[in-house]
Chemist: 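My questions all concern the structure below.
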Amino acid sequence: NAGVTQTPKFQVLKTGQSMTLQCAQDMNHNSMYWYRQDPGMGLRLIYYSASEGTTDKGEVPNGYNVSRLNKREFSLRLESAAPSQTSVYFCASPDPGREQFFGPGTRLTVL
Amino acid sequence: SQKIEQNSEALNIQEGKTATLTCNYTNYSPAYLQWYRQDPGRGPVFLLLIRENEKEKRKERLKVTFDTTLKQSLFHITASQPADSATYLCALARPISGNTPLVFGKGTRLSVIA
């Protein structure tokens, strides 16, 4: 039982390049979330998926797209990366009314 | 929208003392409130959950209180140890939370000095 896994752990992109961050959970949870964490800003919600087949914008969705591929997987795509998207990205999946499980994070640098 | 303030960005205390961290919120009262620990380079890890009808929750050396009148939660670590050094985040769930994501505070970085 791995919980929430994310790939890659680290990534360096040039401005304008695209990439997809992958997230998977093996807890059979309905919901999955993507956050970014920046110094002094805390965790900010980018997009979330309350159930398979649905996605909704969070606090900071601009420049990102998501896909809820199936119940296990929720990916985050940067179509044209910008330096402002340099951040640490966390995927999370809650046990409703209980704890939220986080992945180990992806550290992204956009040059 | 809900605003959350964790009283200080950083807190230094001596080993053996009790650390007290504060989480204040505005607007609606949450259905429940959670506290997480985050170590450098890692994702947050759940510590405790307290519901709106509970005043206090304990787990080993950890204690959380919830005062809906003051709109405040206090998080205490008794007999603190250097291993308790980390960033602590509070998070709130909306009154009808369902699948609505938690709202997180910015965190307080605790350093326990030996």
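In the text below, chain A, chain B and the rest are named by the order of the sequence lines, each starting its count at 1. Note that this is a predicted model, so its numbers are computed, not measured.
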Chemist: What are the two closest non-hydrogen atoms of B:Pro101 and A:Tyr35, and how far apart are they?
Modeler: CB-OH, 4.2 Å

Chemist: Please rank B:Ala91, B:Gly105, B:Pro44 by heavy-atom pairs under 4.5 Å with chain A and give me the top one.
Modeler: B:Pro44

Chemist: What verdict does the side-chain contact (heavy atoms from CB on, under 4.5 Å) test give for A:Phe90 and B:Gln38, after you've listed the backbone C-alpha separation in whole Å, the side-chain angles of each residue and the deciding distance to 0.1 Å?
Modeler: CA-CA 12 Å; A:Phe90 288 102; B:Gln38 187 174 21; 3.5 Å; yes

Chemist: Under 4.5 Å between side-chain heavy atoms, counting indirect links through other Ile/Leu/Val/Met/Phe/Trp/Tyr residues: same cluster for A:Met19 and A:Val66 or not?
Modeler: yes

Chemist: Same hydrophobic cluster for A:Leu108 and A:Val88, using side-chain heavy-atom links shorter than 4.5 Å among ILVMFWY?
Modeler: no

Chemist: Between B:Phe104 and A:Gln100, is any pair of side-chain heavy atoms under 4.5 Å apart?
Modeler: yes

Chemist: Check the hydrophobic clustering (I, L, V, M, F, W, Y; side-chain heavy atoms under 4.5 Å; chains of links allowed) and say if B:Phe46 and A:Tyr33 are grouped together.
Modeler: yes

Chemist: Kindly work out whether a path of hydrophobic side-chain contacts (I/L/V/M/F/W/Y, heavy atoms less than 4.5 Å apart) joins A:Phe101 to B:Tyr32.
Modeler: no

Chemist: Could you tell me the separation between the CZ atom of A:Arg98 and the CD atom of B:Gln34, rounded to the nearest 0.5 Å?
Modeler: 11.0 Å

Chemist: Might you confirm whether atom CD of B:Glu5 has over 12 heavy atoms from other residues, nucleotides or ligands at distances under 6.0 Å?
Modeler: no

Chemist: Is there a path of hydrophobic side-chain contacts, each under 4.5 Å between heavy atoms of I/L/V/M/F/W/Y residues, joining A:Leu45 to A:Val60?
Modeler: no

Chemist: Who among B:Arg42, B:Glu9, B:Gln6 has the most heavy-atom pairs with chain A under 4.5 Å?
Modeler: B:Arg42

Chemist: In terms of heavy-atom proximity below 4.5 Å to chain A, should B:Ile4 be classed as side chain, backbone, both, or neither?
Modeler: neither

Chemist: Is there side-chain contact between A:Phe102 and B:Tyr36, with heavy atoms separated by less than 4.5 Å?
Modeler: yes

